[in-house]
Structure formats: C-alpha cells, structure tokens
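First listed ligand is number 1; within each ligand, the first listed atom is number 1. All values below were derived from every heavy atom in this structure, side-chain atoms included, with hydrogens, water molecules and symmetry-related copies excluded.
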Amino acid sequence: MAVKAVIGTQWGDEGKGKIVDFLSKDVDYVVRFQGGSNAGHTIKIGNQTFKFHLLPSGVIRGKIGVIANGVVVDPEVLIGEVEKLKEKGIEPKLMISDRANVVMPYHKLLDGAEETYLGKKKIGTTRRGIGPCYSDKVARRGIRVGDLLDRSVLREKLEMIVPIKKNLLKIYGMEESRIDVEDLIDRYSDYGNKIRAFVKDTTLELNRAIKEGKEILLEGAQGVMLDVDFGTYPFTTSSNTISGGACTGSGISPKLINEIIGVVKAYTTRVGSGPLPTELKDEIGKHLQEKGGEFGTTTGRARRCGWLDLVVVKYACMICGIDKIAITKLDVLDGLKKVKICVGYDYNGETIENFPSDIRVLENIKPIYEEFDGWESTKNVKSFEELPKSAKDYIRFIEDFLNVPVEMISVGAEREKTIFV
Ligand code: GDP
Ligand code: IMO
Ligand code: MG
C-alpha cells in the first residue's frame, strides 16, 4: 500500500505534470485535491503534448483520475478537456467528488472585476474564477458538484445567490444582466447530466481503495509560495497548496500518506504579481525565460525568472514534510558560465535564513548567493554519474542544504528525459 503526494515547492509550474506522469506508471489512482483550472500541467510524450487544467495527469496512462472535494471545478473546462483527450484516442477514467465546489460564470466575471478594480495592485490571477469560488465555499454559499445533479436544488441555491452576485457586479460597474438564473439552471443542469456518471463520494472510494492495497498518487497544483496561508499573501492563490491540503482536499488521513515528493525547478519562476527575491531582470533572466519556454500554460503570460532560491525550498520542505526531491529543468541551465543559488536574504544588513511572513520585509531583501561553475550539457545524460561534475556539485549542494535526498532529475520535457538517482 502506498499513498504518495507530489507538491510544487516554489511558485507553481515546477514541472509537476511531468513528474506525476512519470510516477503514475506504477499507481492505480491519480488525484487532484485543490486548485482548479488555474493550473496548467504539461506532459510531453513523443511528439504529443498534453495540457491539463483539471484532469489529473495520470489519465494519459489509463489510470483512474480523481477530482476530489478540494478542487473547484469549472464543468465547461472539464468537459472540454475530456473531449480533447477523446479526440487523441484516450478515454479518461474519471471520478469527480460530489463535494467539490463548482466555478460559476459569476465567479469568473468577479475575478476579472476585482482585478480591474485593484489596478496596479492586482494579484495577476488567471481570471478563472478561483478566488471568488473558494470565497463562496468558505462563506457556505457555494454550488457543489452534487447540486448540479438535481435541478430543484440548483434552482433553490441560484435564486438565493444570483441577486447577491448581481449587486456585486453592479458595485464593480459591470453589466449585471450578463447573469441570468434561468440560463444558469439550464446550462449547469446540462453539465450535471454530462458528468453524472463520474460523480461519486470520492473520499469513500479512495479510502476503500487504500484498504484494498491500491496505489494512490496525489497531484498538487500551484506551489507552496502560492498557498493562501503560507505563500506570499496576498499574492497567492486561494487554496492550501501544501501537503496538508492533500488531506483536507481528498479526505485521506495524514497518517495514510507514506511519501511526499517536492518538485523543485532548477531555477525560479513566477507568473503574476508579488515578490520574487531572486528575480533577474537582465539577460540571464531573459535567457532562462526563452530557453525554459517560460510562458504560462493557462494564460500564456511570460513567467518572471530568477536563480534557485533555497530559502523558499527549505521553507517548503519544512511545511510539507518533503521526503524526496525531484529537480526539473536542469537542462535549462546548460551552457551558462556561472550559476547561482540563493542561501539567505540580507535585510538592512541583517542576514535572514528563514522565509519571512511579512511581505514588506520580502519586498526589501537582497538575496545572498552561492556561486557555482556552469556546465556544458545534460541533454543526453541517463544517470547521475554521467552528469557533468559541476552539475553534480549543484545537485549535491541542494541536497546538503535541504537535508533531503534528490531522487529524480529531469533534463528535458519528455518522459524518458528523467534520471532516477
Ligand atoms: P506544472 O504546472 O508544475 O505541471 O508545470 P508546467 O507544465 O506549467 O510547466 C513546466 C514546463 O516545463 C512544461 O512545458 C514542461 O513540458 C516543461 N518541462 C518539464 N520538465 C522539464 C525539463 O526537465 N526540462 C525542460 N526543458 N522542460 C521541462
Ligand atoms: P500550476 O498548477 C503558476 C498564480 C497566478 C496568480 C496567483 C493567483 O500550473 O503550477 P488564481 O487564478 O489562482 O487566483 O491566481 O496564482 N497561479 C499560478 N502560477 N502555476 C499555477 O498552477 C498557478 N495557478 C495560479 O498567476 O499570481
Ligand atoms: Mg503549470
């Protein structure tokens, strides 16, 4: 029996999709437990590229994909994703929690309206309605997937919620007539009918599967720095992206999670606003962006790039209890003369070793770097031993600093470009 979780340790886009696809070879279930279609997980197999926003990455290998209670589900996106996959000849095996909250059109409108209202202070959200949907969940006025299956329940809830949303849209100066109760009931009942066969009490199903000795992989979305409690608040997403979120988001007890794998990109990226201590606004930053193809899977926005920040990853390891690390995109650093790793922050002449909670501190720190020699190429490397010496030094330094073993090294987007240490 094994339950494993894969968690992003930085600001998302660490390459979780690739790692999950690789690891899902040996599992029965792959589970998304938080976030929604703000996520964009890319998997490259041969000359095919798959981009998932809601589907768990394991569905490509024919594993059972579970969208658990902690996810906020946009049914339109989900159905579209299933259709696209079917066109590629893959019929995903799916289970969707009846407890998961549904992203409604007014959530997406409000996400955009709030961002516009914030102007220069905007979060830089994906505008997928994530924040407004989670807000409704916590305020106990959310629509759950189970509600889509019963037209009268849906009507009752929408007749209560929609007037509030219309007023809110009016406050933001938006056309409230874009939201109509009857239209929503029709469309969302229709979505309910389309997904009815997949809707289950996924918590019961997963716990039963664990008892039967099945293997389960929990697929995190976003990263620790975007966690609503532990990230660079308020420049975060609206869910718990840390390993603890895997329990609340799936109904699997913390006692049952055997292994937590932290995905660490060999450098740092971030999309949207908020502090990024190691950001490089120079030629090297541009080089990483171009070579790493650092453009958002969901929004196409350019990702900000910088050196690897181990203060961030150490903090992620502590909060998530990371057992093993998967380093991704090491190949993107190929060919650089020197590479740097941030090991601390300088704040008004004082050295800070732990990630600060105060965003005003974060905005005024300078990274303290350790410098390494670069290396030529990792492209065709198949084992740790074959890596260039300075790349090995880079990896060993990360392991020593974090006191967590590196188990996987990814040197290319394709499945086979993965080194198991
Ligand atoms: P996720 O959100 O964490 O799943 O990551 P994304 O899919 O948003 O972004 C990672 C990007 O890097 C994708 O385009 C992957 O195909 C690609 N990728 C993953 N691992 C590697 C790697 O080791 N090297 C390179 N060059 N690209 C990679
Ligand atoms: P994956 O799973 C990178 C960022 C947005 C924004 C902030 C809040 O692909 O790693 P939201 O729409 O969630 O309210 O936006 O979070 N963000 C991500 N950044 N990868 C993601 O997902 C992200 N999901 C959200 O850019 O800064
Ligand atoms: Mg992504």
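- At a cut-off of 2.8 Å, Gly12 is not counted among the residues with an N, O or S atom near the Mg ion (ligand 3).
- Between Lys338 and Asp373, at least one side-chain N (NZ, or NE/NH1/NH2) sits under 4.0 Å from a carboxylate O, which counts as a salt bridge.
- A salt bridge does not link Asp282 to Lys286: none of the charged side-chain nitrogens sits closer than 4.0 Å to a carboxylate oxygen.
- Of the protein's non-hydrogen atoms, the one nearest atom 13 (O) of ligand 2 is Thr237 OG1, 2.6 Å.
- Considering each of Thr269, Val271, Thr236, Thr126, the one bringing a non-hydrogen atom nearest atom 8 (C) of ligand 2 is Thr236.
- Here's the thing with Gly412: one of its N/O atoms is less than 3.5 angstrom from an N/O atom of ligand 1.
- Distance from atom 5 (C) of ligand 2 to its nearest protein heavy atom, with residue and atom name: Gly124 O, 3.6 Å.
- Given atom 16 (O) of ligand 2, the protein heavy atom at minimum distance is Leu226 CD2, 3.6 Å.
- Here Asp74 pairs with Lys108 in a salt bridge; the nearest charged N to carboxylate O distance falls below 4.0 Å.
- Nearest non-hydrogen protein atom to atom 26 (O) of ligand 2 is Arg301 NH2, 3.0 Å.
- Contacts of Asp13 with ligand 1, taken as heavy-atom pairs under 4.0 Å, involve both backbone and side chain.
- Taking only nitrogen or oxygen atoms, main chain and side chain alike, Gly272 does not reach within less than 3.5 Å of ligand 2.
- Distances shorter than 4.0 angstrom do not occur between any heavy atom of Gly223 and any atom of ligand 2.
- Not one N or O of Lys44 is nearer than 3.5 Å to an N or O of ligand 1, by distance alone.
- Geometrically, ligand 1 and Gly40 share a nitrogen or oxygen pair separated by less than 3.5 Å.
- Ranking the protein heavy atoms by distance from atom 20 (N) of ligand 2 puts Asp13 OD1, 3.1 Å first.
- Of the options Arg303, Lys265, Lys18, Glu294, the smallest heavy-atom separation from atom 9 (O) of ligand 1 is shown by Arg303.
- Taking every heavy atom of Trp11 and a limit of under 4.0 angstrom, the matching atoms of ligand 2 come to 3 (C), 19 (N).
- Under a 4.0 Å heavy-atom criterion, Arg270 is not in contact with ligand 2.
- By the 3.5 Å distance cut-off applied to N or O atoms, Leu330 is not counted among the residues near ligand 1.
- In His41, the part holding a heavy atom less than 4.0 Å from any atom of ligand 2 is the side chain.
- Proximity of a side-chain donor or acceptor of His53 to a complementary backbone N or O of Ala39 within less than 3.5 Å is detected.
- For atom 15 (O) of ligand 2, the nearest protein heavy atom (residue, atom name, distance) is Thr125 CA, 3.3 Å.
- Using 4.0 Å as the threshold, Gln222 has a heavy atom nearer than that to some atom of ligand 2.
- With respect to the Mg ion (ligand 3), Asp13 has OD1 as its nearest N, O or S atom.
- Note: no N/O pair closer than 3.5 Å links Thr328 and ligand 1 by distance alone.
- Checked by distance only, ligand 1 and Gly17 come closer than 3.5 Å through their nitrogen or oxygen atoms.
- When each atom of ligand 1 is checked for a heavy atom of His41 under 4.0 Å away, the hits are 1 (P), 2 (O), 4 (O), 7 (O).
- Contact annotation: for Ile43 versus ligand 1, there are no heavy atoms closer than 4.0 Å.
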